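Basis for what follows: all heavy atoms, side chains included, without hydrogens, waters or symmetry-related copies. Because the structure is a prediction, the values reported are computed rather than measured.
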Amino acid sequence: MSWSRRSVLRASLIAGAATTLPRIGWAATAPLPSTDLQWLDGAAPKWDGGQSFGVPWPRGAMRHVERIGAADQDGLAVPVQSWPLGYWPDGSIKWSGHALPAAAGPAPRAVRLGSTKSAAPAGPVSVEENSDAIVVRVGPTSWRLPRTGAALIASAERGGKVLLEGVHLIAQTRSAPSDEEAAQVSTRHFESRIEKIAIEQRGPVRAVVKIDGTHSDGQRQWLPFSVRLYFTSGSDAVRIVHSFIWDGDADHDFLSGLGIRAQVPLRAPLHDRHVRFATDDGIFAEAVRPLTGLRRNPGEAFRAAQIAGRATPAVEQLPAAVKPLLDRIPAWGDFRLAQPNSDGFVLTKRTRLGRAPIQSIEGHRARGLAYVGSPDGGAAIGLANFWQRHPAQLDVTGAVDDAAGLTAWLWSPDAPAMDMRSYRDVLGMETYAAQNQGLDITYEDYEPGWDAAKGVARTNELWLWALAATPENAQLDAFASHVAQPPRLQVRPERLHAAGVFGSWALPQQGDGPAAVIERQNDLLLAQYRDEIERRHWYGFWNHGDVMHSYDADRHQWRYDIGGYAWDNSELSTDLWLWYSYLRSGRADIFRMAEAMTRHTGEVDVYHLGPWAGLGTRHGVQHWSDSSKQPRVSNATYRRIYYYLTGDERVGDLMRALVRSEYALEHVNIGRKVSERAPESLPPGGVSAVVKAEGLPAGVIQLQFGTSWNACVAAWYTEWERTGDRRWRDRIVAGMESIAALPKQWWAGGASFELATGRFISGGDTISVSHLNGAFGVVEIMAELLPLVDAPGYRKAWLDYCAWYNAPDADWLRRFGEPARGHGLRQGHSRFTAYAARELKDAALAKRAWQEFLGGEMKLGLSVKEITGEAVPSSVVEVQNLSTNTAAQWGLAAIENLALIGDAQLR
C-alpha cells in the first residue's frame, strides 16, 4: 500500500482509533557500559587537532567522570580528559564533557568511551602561572600569555626558537562609511588591551585560557572582547574562539577592519621563505623570491626544493649565470586573499607598500587558511566560515623583512565599512498609535531609538599553528579542510535517546507506513531550508546562520525588505526544529545548519550590554531593527542542546548571562503599545500577546507565561543542571506553584511577577489566550522539567492547558462560557494535545492530536518535484505560501507527536 497522500492518512484516522499509546519511559537505573562515538561526516578526517564533546547519562547511572576511559577501533587506549557538564537532581551526572588529543597520524576511525583504563597523553599539556604571564606547554612548544598589554600570545617557542610572537587583536574605523557621505574621512586604529585572564582547564589533554578586554587606541576603549584559547595535546595549533560586542555609535563609528594578527620571525634567505593560501580545493604555494620560471635556470635541486617548501642548497651552488643576479629578482613582500562575497575571492601580491599589486589567481570559495614561514619555522592561521561570513580576508605582509605579519580579517579592510545604522527613516512614527499603523502594514514593530545595534555580538573560530618548518602542501590541505569543515565526534542518536535527555523525541521510523510519510515530509522541509540558504545566499558577517521568515510569491523572493517578514530571529522556534531533527538523525547537514543558527541567534539577535542586555529582538529587516525586545528570542532553550552536545564554553557563557534577564523588564515594558491599539486590529504574532505593565509596584513586572517566564525558566533550569544549585530549582517551583494558585492558571496567559521571590503575585483572573505562549519552547522545556520537580498543582494546570488549548469550539464554549480567542497555530499545538494524551493515557486525546495535525496549516503530500521544480527554485514555498514559522511548528509537532503517541492511530 502506498502512503503518499494526506487523504489516505486522514481516512485511516477517521476510520478508527487504536487504544494503545506508546510505552513511556526508559531504563534509567542501569548505566550503559560503553558509548560509541561517530564522526559527524561519516569518516575520520585527514588531520584532527583534538576533539571535545558532551555525553549524556541516564539518571543515576554515572557519578564519577574520572572512571571514564577511551579506546580506538582496535581497542587501544586513547587519552581522555573528562569533566561534568550537568547533573540530575539526585546528584548523578547527566552530561559529561570530554576532550581527546590531536592524532599523531590519521585520526581514529572510531572511538568508544567506557570503563576502559585511560592512557596518559604522549605530550601532556601543562600550565604554569607567573606574576606577569601564563605559560602553556604543549609537547616541545611553549606558549606565553601575558596578563596585561596588547598581546594575547606574546610568543610560541620551540627549542629556544621563536616561531610566532605578538599575537593581538586589531580594529580600525572610518568617520564615514564612504567618501560619498563626507568630504574628509579620518581613520583610527585600535588594538587589544587585556583586562582579565583566567585559566579554565589545566590539562593534561586540554588547557583552556579565557582572556577578556577591549580594543584601545590609547584614548578610547571599546569593542569588548572575550577570547578563549584552547591548547590540545599533540597539536601544534591553538584553537581561538573570538567574541566581541558592538558598542559603538552607529552614526559615527564605521568599522573598516576587525581581525587578529601575529608576527612571524623570518631568518631564511628570501628564496627560502614560503607563502601558502588554501583555495577552493588546493594550495596556492609560492616563494617570496621565486627561483622557477627564470630566464636562467638555477637547477633542478633549487627549483624542486623551493616548490616543495624545503631548504634549497647553499647559494654557492647556484650556477654562475644565476648567482650574481639573485638580487635582481623582485621579492614579493605582501600577499592578500580577499573574499568580498560568497561567490568569489581574489589573491593579489605586491613587492611592498607603495608599489602596485598584481593579481595572482581568482577562485570561488577559499577555505580560509594562510601560512608564512621557511624551513626554519613558520605559522599558519585559519578562519572558519571564511566565505560564509564575508567580507573576510587573509594577509601576509612584510615577508621580505625580519618578521612577517600574518593577519586574519574577520571584516576585510578592503570591503566597504561596516554600517550599523538603521536602514529606515522615522516616517512620522513618533507615537505608539503611528507605530501600530506601521505594524499593520509591514508587520514591523518600529520605534525610534529602539532599532539600535549597540550591544549585539558575534563569535568566530580561528586556528593558529606554530610550525617547526614549512609543511608539505598535503598537510596544509588537511589543515584547510579542518578549518573549512571542522570534524566532530558525536554521540550516536540511539545513545542520546537512551539517556532520556531533551524531552519528547524518538528515533525516525522507517518503512512505508504513515509515520514514514511524515518523516519524509520533514526531510523535504529541512532540505528546502538547507538549499534555500545556498540559493538565496543567506550569508555575510551578521547574517550567516539565520533564515528568512516569509515568502513573497509575487516577486518569487523572500520578504527580505518587508518589516517583520524578513530575518527570522528564532521566531516560533526554528532553532529547536533543527536541533530535534538532528538529535534523531545524526545528520551532518542538519547539525551545521543548527550550529550556525545557534552561533547567530545567541549572539547577533541578543543584546549583551546596555539597557536591553539579556533580551533579544523580534524578527525584522535588520537583526536588531524591531523595537520588540523580549526574552523569547534570547531564550536559553535554543542554546542548551548545542551546549551539551559540544561542551562549548561560549554558549555556556551566553546562557549563564540570562539567569537574571527578567530584571531587564523592569525598564522594558513589552506591552507598552497595546493600549494604543484596537484589539480587533491586532495582527497574529504582533504585540497583542502581552498586556500593559503600568501601575505595578517596584520590583514587580508583567510576565507572560510562555514567551517570557518560560524563557527565564530555561535559563534557571540550565543553571540548576550545570551547578546543582537548588536556588534555581526553587525559583522555578515558586513560579509554578504561583501559576497554579492563580484564578485562571495558564489560561490567564501572564500575570504580575515579583522579582525577589520568583512568584506570580496578582492578576491572572481573566482568560487571555495567545498562540505565542506555546510557540517558544515551553512544551519542550516542561517535558524535560516536570519529571524532575515536585509540583503537582502546576502539573495539573499545565496538562489542563495542553488538553484544552485545541479543544473544539463548542466544547470550549460549554466549559469557559465565552468563545475561544487567540487559539492560533493549532497544528503546532497538536503536540500539546499529544503530550496531554501521553501523560493522561487518553486515547481520545491522541486521536484528536492527529486530527489537529493533519488538518492544520501545512498539508501532507509535498513531493520532491514540488520542492525542486524547474519553474521556480522555491516552488514548495509558493505551493503552500511557506513561512519559516509554519515549517518549524509543523516539524516540531511531527517529531513530538510521533514520540508521544506514535502512529498506531494512523494505520
Side-chain angles (χ1 to χ4, degrees), residues 169-191 215-217 219-220 222-223 244-261 334 336-348 350 353-359 362 366 383 385-395 397 407-427 446 448-449 451-458 460 536-544 546 560-562 566-567 604 620-625:
L169 307 182
I170 51 176
Q172 59 190 53
T173 62
R174 293 165 55 94
S175 57
S178 66
D179 296 340
E180 180 184 14
E181 294 195 31
Q184 292 184 332
V185 179
S186 60
T187 302
R188 295 176 67 175
H189 297 269
F190 302 82
E191 64 180 12
H215 294 72
S216 174
D217 65 352
Q219 297 179 327
R220 179 188 183 191
W222 74 312
L223 298 177
F244 84 101
I245 301 175
W246 167 263
D247 66 338
D249 180 341
D251 290 322
H252 299 96
D253 293 319
F254 299 93
L255 199 62
S256 57
L258 182 71
I260 181 168
R261 176 174 292 159
D334 300 340
R336 174 167 297 173
L337 189 155
Q339 181 90 45
N341 55 63
S342 62
D343 277 341
F345 71 83
V346 60
L347 199 158
T348 61
R350 67 185 181 189
L353 180 65
R355 295 301 179 212
I358 64 170
Q359 182 171 311
E362 288 188 358
L383 173 59
N385 298 305
F386 185 75
W387 58 266
Q388 293 95 329
R389 294 193 184 173
H390 62 81
Q393 185 170 302
L394 297 170
D395 285 355
T397 55
T407 307
W409 292 100
L410 312 179
W411 186 278
S412 166
D414 284 0
M418 186 187 294
D419 194 337
M420 304 296 280
R421 294 175 295 184
S422 174
Y423 80 96
R424 57 166 297 158
D425 291 324
V426 176
L427 303 180
Y446 171 75
D451 54 352
K454 188 172 184 177
V456 303
R458 198 46 152 152
N460 287 274
R536 306 292 179 171
H537 292 76
W538 291 337
Y539 302 121
F541 184 85
W542 291 111
N543 297 334
H544 177 237
D546 208 352
Y560 70 96
D561 57 349
I562 305 296
W567 290 114
V604 180
V621 173
Q622 291 169 298
H623 300 286
W624 44 82
S625 58

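When the options D253, D217, T173 are evaluated for a side-chain hydrogen bond (donor to acceptor under 3.5 Å, both in side chains) with R188, the one that passes is D217. Of the residues W542, Y423, W246, the one that meets the ring pair (Phe, Tyr, Trp, His ring centres under 6.0 Å) test with W624 is W542.
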Should L255 and L223 be marked as a side chain to side chain contact (heavy atoms under 4.5 Å, CB included) after you check the CA-CA gap, both sets of side-chain angles, and the distance that decides it? CA-CA 10 Å; L255 199 62; L223 298 177; 3.9 Å; yes
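The backbone N or O of D414 lies less than 3.5 Å from a partner atom in the side chain of S412, making a donor-acceptor pair.
Rounded to the nearest 0.5 angstrom, L410 CG and L258 CG are separated by 5.0 Å. In this structure, the separation between CZ on R421 and CG on D249 is 11.0 Å, given to the nearest 0.5 Å.
Atom NE2 of H537 has more than 12 neighbouring heavy atoms from other residues, nucleotides or ligands inside a 6.0 Å radius. Within a 6.0 Å sphere centred on CD of Q359, other residues, nucleotides and ligands contribute more than 12 heavy atoms.
Using a cut-off of 4.0 Å between Lys/Arg side-chain N and Asp/Glu carboxylate O, D179 and R174 are scored as salt-bridged. Using a cutoff of 4.0 Å between basic side-chain nitrogens and carboxylate oxygens, R424 and D451 are not scored as salt-bridged.
Using a 4.5 Å cut-off on side-chain heavy atoms (C-beta onward), I170 and Q172 make no contact. By the 4.5 Å heavy-atom criterion applied to side chains, Y560 and R536 are not counted as neighbours.
For an aromatic pair to be called close, the ring centres must be under 6.0 Å apart, and W387 with F345 fails this.
Using cut-offs of 30° and 60° on the angle between ring planes, the pair W538 and W567 is perpendicular.
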